[in-house]
Asks: 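I'd like to ask some things about the structure below.
Side chains are part of it too, since the values below use all heavy atoms of this structure and drop only hydrogens, waters and symmetry mates. Since the model is a prediction, treat every value here as computed from it, not as a measurement.
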Amino acid sequence: MNTFPLFFKLEDRKVLIVGGGDVALRKADLLSRAGACITVLAPSISHEIQALLSDSKHQLIYENYNKTYMSGARVIIAATDDETLNHQIHADATELNIPVNVVDTPPLCDFIFPAIVDRNPIVIGISSNGKAPVLARLLRARLETLIPQGYGKLAKLAGDFRVEVKAKIPTLTGRRQFWERAFEGQVSQLMFAGNENEAIAQLQADLDKTAADITAKDATDTVTEAQNTMGEVYIVGAGPGDPELLTFKALRLMQQADIVYYDALVSPQVLDLCRRDADKVFVGKKRSNHAVAQLGINELLVNSAKEGRRVVRLKGGDPFIFGRGGEEIESLQAHNVPYQVVPGITAANAAASYAGIPLTHRDHSQSVRFVTGFLKAGAPNSNFKSFLNTDETVVFYMGLHSLPRLTEGLIDAGRSAETPIAIVSNASMPNQQVLTGTLANIVELQEKNQLPTPALLIMGDVVSLHHDLAWYNLHHQQHNENLSETDNNWLRGGTATTPKSNAHQQAHALSMIANLATKEGDLEQLVID
């Protein structure tokens, strides 16, 4: 963050605006909605400002700028077109330690006016730190369409009931769960439909029932109490790393979690989308280095749920594709812990898509197989004779560190040494890298290029399509071409292995571009003046 978002309380506080034109009018309009006592200082003040600030709490001073009028101001706005004067106002305000905003001059601003979505008392501010105010306003317009006006009334209703809820529901967790049920259930629906009185009645009924349930639960024995306070576990696929590839359900449950147990493959960008005040516990595993053993993870999930907490087990990729999600739900079932499983985009799909390598293709591959490079307890997967079908794509998870053994075993089992293979590192992320070669030379290429983990291997004829179909972050990718091989890539200006005429090459390239450009939604362009 370049700036830290804060919300100022300005009700009945003095705000000085220097300037009396249209810019000053816009700022005065916003500040008056916040209840500020506005002083406008300018030799000429527009009729619109006079009409807006006709209330006796405001003051209009028809004079040239004078530093003495800063006295008692909470914030100061410089809204003049005089650059020298604006610098002077900034200097004077800085000397007095009063926050100042010089309109449309970011270097002279201690704070920034955001684009505002107002659902009083819910307020959302959007800022580009002065870099792209038009873009901020476009985002605001989008949010305006997504957030019903009823959210403001819903927040006011919550404020009216807050003291009573605190008195009747003694625990912080209990109160939070009560409010989440209200905001996601019938109370919110009634408010959004305009049935305010019915919403109030429903919230009161829900509160009374919750309080009665708490009283009844307190009268039961310890076993029954433990059963009634059981939480729930959400086993969530976090996808390959790009947070935009999360599902809506994954994001919703991540926002509800009391505690998050996350893997090494979960990107910081994805983890940052979890509820801010949730406990976040790293339980990642890298080869033989396990922060927490799997049995220990199973125990953590069960114990946290038995404490009444909502638990997210956040896994890179998909929980059921080499994610050991099955083992975890077996443990949850054995202890009668409720759970949900949320699929994620597995690394194979992401790596193939972002590398431009179709896992199946009518001319190259009629099936695909996902294989782990290591089995239970770290034993290598050496069933090489089952990978001889040239019409099949094979994706090896956790195979990078055993690459020499894999390639040697495949060749010895009868797979052609010229079989194409790719290494995709950090799939879908800005630092994604792709290295292509053959079973004969990929080890040497990897020793030279040192692509890091997390990475997986894609083997099969479809890998040959990478150079033509790669679309993501081309300038970051590492390929297997030396200088002569680069010349053989016709999209880079050389000659293809199968000769093509220049006209054929140009027509093919233009056709690919045209097909992308004409598909609605494939390409978006945002122009900001």
Asks: Would you list the pairs meeting side chain to side chain donor-acceptor pair (under 3.5 Å) in which at least one residue belongs to residues 96-109, sequence neighbours left out?
Replies: none

Asks: Output yes when a side-chain donor or acceptor of Asn86 lies under 3.5 Å from a complementary backbone atom of Thr80, and no otherwise.
Replies: yes

Asks: Could you list the donor-acceptor pairs under 3.5 angstrom formed between side-chain atoms of residues 5-14 and any protein atom two or more places apart in sequence or on another chain?
Replies:
| residue | atom | partner | partner atom | Å |
| --- | --- | --- | --- | --- |
| Lys14 | NZ | Tyr69 | O | 2.8 |
| Lys14 | NZ | Ser71 | O | 2.9 |

Asks: Donor-acceptor pair, distance only, cut-off 3.5 Å: does the side chain of Asp263 make one with the backbone of Leu265?
Replies: no

Asks: Does any N or O in the side chain of Asp318 come within less than 3.5 Å of the main-chain N or O of Gly344, such that one atom is a donor and the other an acceptor?
Replies: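 It does hold such a pair.
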
Asks: Donor-acceptor pair, Ser331 side chain versus Glu327 backbone, under 3.5 Å?
Replies: no

Asks: Only distances under 3.5 Å count here; give the side-chain donor-acceptor pairs of residues 120-136 to other protein atoms, sequence neighbours excluded, each with its distance to 0.1 Å.
Replies:
| residue | atom | partner | partner atom | Å |
| --- | --- | --- | --- | --- |
| Ser127 | OG | Asn129 | N | 2.9 |
| Ser128 | OG | Lys131 | N | 3.4 |
| Ser128 | OG | Ala132 | N | 2.8 |
| Ser128 | OG | Ala132 | O | 3.2 |
| Asn129 | OD1 | Thr3 | OG1 | 2.5 |

Asks: Atom OG of Ser353 and atom CG of Leu469: how far apart are they, to the nearest 0.5 Å?
Replies: 11.5 Å

Asks: How long is the span from the OG1 atom in Thr171 to the CD1 atom in Ile214, to the nearest 0.5 Å?
Replies: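 Result: 6.5 Å between the selected atoms.
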
Asks: Let me confirm one number: the CD-CG distance from Gln50 to Leu25, rounded to the nearest 0.5 Å.
Replies: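 So the CD of Gln50 and the CG of Leu25 are separated by 11.0 Å.
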
Asks: Report yes or no: does Arg313 contribute a side-chain atom to a donor-acceptor pair with the main-chain N or O of Val236 at less than 3.5 Å?
Replies: no

Asks: Restricting to pairs with a member in residues 337-351, which pass side chain to side chain donor-acceptor pair (under 3.5 Å), not counting sequence neighbours?
Replies: Glu232-Gln340, Lys249-Gln340, Gln333-Tyr339, Thr346-Tyr397

Asks: Work out which heavy atom in Ile17 is nearest to a heavy atom in Ala24; give both atom names and the distance.
Replies: CG2-CB, 3.8 Å

Asks: Within the distance-only criterion (no hydrogens, no angle test), does the side chain of Gln202 pair as donor or acceptor with the backbone N or O of Gln186 below 3.5 angstrom?
Replies: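 It does not hold such a pair.
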
Asks: Please check: side-chain N/O of Ser425 versus main-chain N/O of Pro452, any donor-acceptor pairing under 3.5 Å?
Replies: yes

Asks: Does some side-chain heavy atom of Leu456 sit less than 4.5 Å from a side-chain heavy atom of Phe322?
Replies: no

Asks: Compare all side-chain heavy atoms of Val283 with those of Leu300 and state whether any distance is below 4.5 angstrom.
Replies: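 A side-chain contact exists here, since the closest heavy-atom pair is under 4.5 Å.
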
Asks: I'd like to know if the side chain of Gln255 and the backbone of Leu251 have a donor-acceptor N/O pair within less than 3.5 Å.
Replies: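 Checking the backbone N and O of Leu251 against the side chain of Gln255, no donor-acceptor pair under 3.5 Å is found.
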
Asks: Is there a side-chain contact between Ile77 and Leu31 in this structure, where contact means two heavy atoms from C-beta onward sitting under 4.5 Å apart?
Replies: yes

Asks: Any chance the rings of Phe111 and Phe113 have centres within less than 6.0 Å?
Replies: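 Yes, close enough.
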
Asks: Can Asn298 and Gln294 be said to form a side chain to side chain contact (heavy atoms under 4.5 Å, CB included), step by step?
Replies: CA-CA 6 Å; Asn298 297 348; Gln294 186 61 52; 3.0 Å; yes

Asks: Under the side chain to side chain contact (heavy atoms under 4.5 Å, CB included) criterion, do Val337 and Val311 qualify, and how do the steps go?
Replies: CA-CA 11 Å; Val337 174; Val311 184; over 6 Å; no

Asks: Answer whether the closest heavy-atom distance between the side chains of Met254 and Val270 falls below 4.5 Å.
Replies: yes

Asks: Is the shortest heavy-atom distance from the side chain of Phe370 to the side chain of Phe396 under 4.5 Å?
Replies: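 No - every pair of side-chain heavy atoms lies 4.5 Å or more apart.
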
Asks: Any side-chain to backbone donor/acceptor pair from Arg275 onto Ala257? Under 3.5 Å, distance only.
Replies: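 At least one qualifying donor-acceptor pair exists.
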
Asks: Rounded to the nearest 0.5 Å, how far does CD1 of Ile89 lie from CD1 of Ile98?
Replies: 12.0 Å

Asks: Side chains of Arg324 and Ile297, heavy atoms from C-beta outward: is any pair under 4.5 Å?
Replies: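 Counting from C-beta outward, Arg324 and Ile297 never come under 4.5 Å.
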
Asks: Kindly compute the distance separating CG (Asp279) from CG (Asp258), expressed to the nearest 0.5 Å.
Replies: 8.5 Å

Asks: Which residue pairs satisfy the side chain to side chain donor-acceptor pair (under 3.5 Å) criterion with at least one member in residues 159-170, sequence neighbours excluded?
Replies: Glu164-Lys168, Glu164-Gln204, Lys168-Asp208

Asks: Begin from the C-alpha positions of Lys209 and Asp213 and carry the test salt bridge (charged side-chain N to carboxylate O under 4.0 Å, His left out) through to its verdict.
Replies: CA-CA 6 Å; Lys209 182 179 185 303; Asp213 290 344; 3.1 Å; yes

Asks: Decide side chain to side chain contact (heavy atoms under 4.5 Å, CB included) for Ile169 and Trp179; before the verdict, give the C-alpha distance in whole Å, the side-chain angles of both, and the deciding distance to 0.1 Å.
Replies: CA-CA 11 Å; Ile169 304 177; Trp179 285 121; over 6 Å; no

Asks: Does any non-hydrogen side-chain atom of Ser32 lie less than 4.5 Å from one of Leu52?
Replies: yes

Asks: Between Glu196 and Lys156, is the closest basic N to carboxylate O distance under 4.0 Å?
Replies: no

Asks: Sequence neighbours excluded, which residues qualify as salt bridge (charged side-chain N to carboxylate O under 4.0 Å, His left out) partners of Asp29?
Replies: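 By the salt bridge (charged side-chain N to carboxylate O under 4.0 Å, His left out) rule, Asp29 matches Arg33.
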
Asks: Got a second to check how far Asp110's CG is from Thr94's OG1, nearest 0.5 Å?
Replies: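 One gets 5.5 Å once the value is rounded to the nearest 0.5 Å.
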
Asks: Has the side chain of Arg74 got a donor or acceptor atom that lies under 3.5 Å from a matching backbone atom of Val15?
Replies: no

Asks: Are the side chains of Ser304 and Tyr261 in contact, using a 4.5 Å heavy-atom criterion?
Replies: yes

Asks: Verify side chain to side chain contact (heavy atoms under 4.5 Å, CB included) between Leu332 and Val302, making sure each step is shown before the conclusion.
Replies: CA-CA 6 Å; Leu332 296 172; Val302 170; 4.0 Å; yes

